[in-house]
Protein chains: 2
Amino acid sequence: MPKSVVYNGCSVGENPLCCFDDLTQEELDFVEQNSVEVEYKRGETICKQGSFASHIMVIKEGLAKIYLENGNDTLILKILPAINIIGLPSLFDGNNTFPYSAQTYMDSTVRQIEISAFKKLIESNAKFAGQVISMLAENTVIINGRFFCLTKKQTYGRLADVLLCLSNRIYKTDKFPLQLTRKDLAELASMSVESTTRILTKFKDEGLIAVHCQEIEILNADKLLEISTIG
Amino acid sequence: MPKSVVYNGCSVGENPLCCFDDLTQEELDFVEQNSVEVEYKRGETICKQGSFASHIMVIKEGLAKIYLENGNDTLILKILPAINIIGLPSLFDGNNTFPYSAQTYMDSTVRQIEISAFKKLIESNAKFAGQVISMLAENTVIINGRFFCLTKKQTYGRLADVLLCLSNRIYKTDKFPLQLTRKDLAELASMSVESTTRILTKFKDEGLIAVHCQEIEILNADKLLEISTIG
DNA sequence: TCTTTTCGTTGATCTGGATCAGGTTTTAAG
DNA sequence: CTTAAAACCTGATCCAGATCAACGAAAAGA
């Protein structure tokens with residue numbers, strides 16, 4: 001199975017944010033002039049689904065979840081480490097609100113760019129527009145992968161996926177601080193907290209992971225990947 | 001709840017395809033010269049996940065499903081009536097394959113446009129690029145809605161959703177030919193064929209729909225919408 | 001310091017919906 | 001027309017995983 005067909009449940013892209021790389025100094029200044037930087041504490045809401053989307057955001061530091069909410073139900077679409085962009089889907093014609101909410105998992109720094117300035121850049125710089133297209137396209141593919149994972153895999157596969165994603169995509173090491181609670185993990189894997197606990201214990205008993213005080217270590221990534229693959 | 005937050009399970013956009021509207025005659029000729037039109041019969045595969053994406057497609061006539069496949073599992077991402085575009089997500093840098101498969105539900109006509117020509121248009125015409133961005137962004141929001149629906153609603157809500165979508169978005173009338181089999185409906189609502197049958201019978205018994213020979217009629221759209229909303 | 005939440009764990013129970021198994025009806029093919 | 005193959009329907013069973021309940025441990029607040 002080619003790599004592109006591996007559906008993983010925790011959607012984080014692999015391509016670094018590059019849409020600003022090719023801007024002229026003048027354009028960079030323009031972005032600078034039309035943006036502000038904001039510090040958020042853990043758990044704060046960066047943007048709220050349905051509210052006016054007056055800006056595109058770039059998460060410069062920290063970690064955030066992007067999610068849909070409807071009543072008491074929430075669905076995490078993806079988690080975003082720095083450096084990534086938030087709010088591109090609100091760019092479509094006739095829409096002026098955020099289609100999702102975002103909240104920080106830890107203290108984070110976010111740059112807000114006026115959406116009108118962002119749109120101006122798209123109109124005036126076709127290369128920039130091309131890169132926005134590229135980001136949107138990749139994002140679509142990534143979220144589709146998570147869509148598949150959450151609808152077709154069962155609990156063990158989903159949680160294995162989340163653990164592998166945290167290790168491979170977010171912290172980029174086998175041993176990482178567990179800054180997310182069981183509730184966070186459960187929400188990411190779209191299951192109950194109790195199931196999360198049970199499966200983590202099982203993984204621990206089988207020697208796939210080790211849980212220290214506030215740290216988690218992946219001991220057998222291959223086996224976890226197998227569990228993720230068979231679903 | 002604002003309209004944009006209504007998650008429906010059968011993702012079809014409401015905005016007509018408009019990205020070609022503002023092209024010059026010269027650009028339209030360029031598209032024409034770099035494209036071909038193909039006729040497909042019911043059930044034929046328009047594009048295959050993982051194969052080379054040498055072209056972007058426009059479905060000019062007919063109806064198709066866009067889906068992910070992995071082993072025996074398939075997940076329908078959206079269904080596309082004419083006139084809509086297929087393949088935008090394969091536009092991202094470093095990717096040259098289709099991220100999903102597509103298959104016709106009925107005899108359909110598809111125009112294939114060379115991807116290199118399409119990319120050239122994006123590079124040379126910022127307005128066109130802007131419209132591609134708009135389409136991708138809207139598509140993201142729509143698929144997220146289906147994502148939410150399939151992961152958070154239970155069977156009754158999902159099937160109600162599918163029926164409403166067929167009526168409102170695809171056929172645009174309360175009474176429409178049932179060209180999809182129970183298996184198709186089941187796949188769309190992501191449930192078993194048996195459950196689909198049972199729920200349809202229940203809806204019929206309760207007077208929400210009527211099923212004639214090869215035709216289905218929505219009798220109580222309000223009640224169906226309520227079922228869809230509460231999940 | 002003590003008290004109150006919040007977090008994590010484990011066992012018992014319940015249930016939505018899949019699966020299985022047996023039909024009939026419709027469509028397609030020979 | 002006959003036969004084979006889909007498509008459709010209905011009841012019985014089973015199971016993954018949610019929910020409920022109860023309790024210890026850690027963190028936060030007073």
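Every pair passing salt bridge (charged side-chain N to carboxylate O under 4.0 Å, His left out) that includes a residue from residues 215-231 of chain A is listed here, sequence neighbours excluded: Lys223(A)-Glu226(A). Sorted by first and then second residue, the ring pair (Phe, Tyr, Trp, His ring centres under 6.0 Å) pairs with a member in residues 189-231 of chain A form an empty list; sequence neighbours excluded. For residues 58-68 of chain A, every residue pair satisfying the side chain to side chain donor-acceptor pair (under 3.5 Å) rule, not counting sequence neighbours, is listed here: Lys65(A)-Glu187(A).
Take Tyr156(B) and apply the ring-ring contact (aromatic ring centres under 6.0 Å, His included) test, not counting sequence neighbours, and it matches no residue. Annotation: side chain to side chain donor-acceptor pair (under 3.5 Å) contacts of Thr181(B) (sequence neighbours excluded): Asp184(B). The side chain to side chain donor-acceptor pair (under 3.5 Å) test applied to Ser167(A) returns no partner, not counting sequence neighbours. Applying the side-chain contact (heavy atoms from CB on, under 4.5 Å) criterion to Glu44(B), with sequence neighbours excluded, gives Tyr40(B), Lys41(B), Thr104(B). Evaluation of the side-chain contact (heavy atoms from CB on, under 4.5 Å) rule for Val211(A) yields Arg182(A), Lys204(A), Ile209(A), Ile216(A) as partners, not counting sequence neighbours. For Phe148(B), the ring-ring contact (aromatic ring centres under 6.0 Å, His included) test picks out Tyr7(B), with sequence neighbours left out.
For Arg42(B) and dA6(D), the CZ to P distance is 14 Å, given to the nearest whole Å. Between the CG atom of Leu150(A) and the P atom of dA16(D) there is a distance of 19 Å, given to the nearest Å. Following rounding to the nearest Å, Lys153(B) (NZ) and dG16(C) (C1') show an atom-to-atom distance of 17 Å. The distance from atom CG of Asp184(A) to atom C1' of dC7(C) is 11 Å, rounded to the nearest whole Å. Across the protein-nucleic acid pair, Glu187(B) atom CD and dA7(D) atom C1' stand 15 Å apart, rounded to whole Å. One interatomic measurement links the two molecules: CG of Asn72(B) to P of dT19(C), which rounds to 12 Å at whole-angstrom precision.
Heavy atoms of other residues, nucleotides or ligands lying less than 6.0 angstrom from CD of Gln214(A) number 12 at most.
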Which protein N or O atoms sit under 3.5 Å from an N or O of nucleotides 23-26 of chain D?
none

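Summarising the geometry of Phe52(B) relative to Phe98(B), their closest heavy-atom pair is O-CE1, 3.4 Å, with the distance given to 0.1 Å.
Closest to the Gln154(B) side chain, of the nucleotides dG16(C), dA18(D), dC8(D), is dG16(C). Of the listed nucleotides (dG17(C), dG17(D), dA18(D)), dG17(C) has the atom at the smallest distance from the side chain of Thr155(B).
Comparing the start and finish of the helix from dT1(C)-dA30(D) to dG30(C)-dC1(D), five pairs each, the helix axis swings through 40°, to the nearest 10 degrees.
Within residues 194-204 of chain B, the residues having any heavy atom closer than 4.0 Å to DNA chain D are, in order of number, Glu194(B), Thr197(B), Arg198(B), Thr201(B).
Using a 4.0 Å heavy-atom criterion, one finds that Thr181(A) contacts the sugar-phosphate atoms exclusively.
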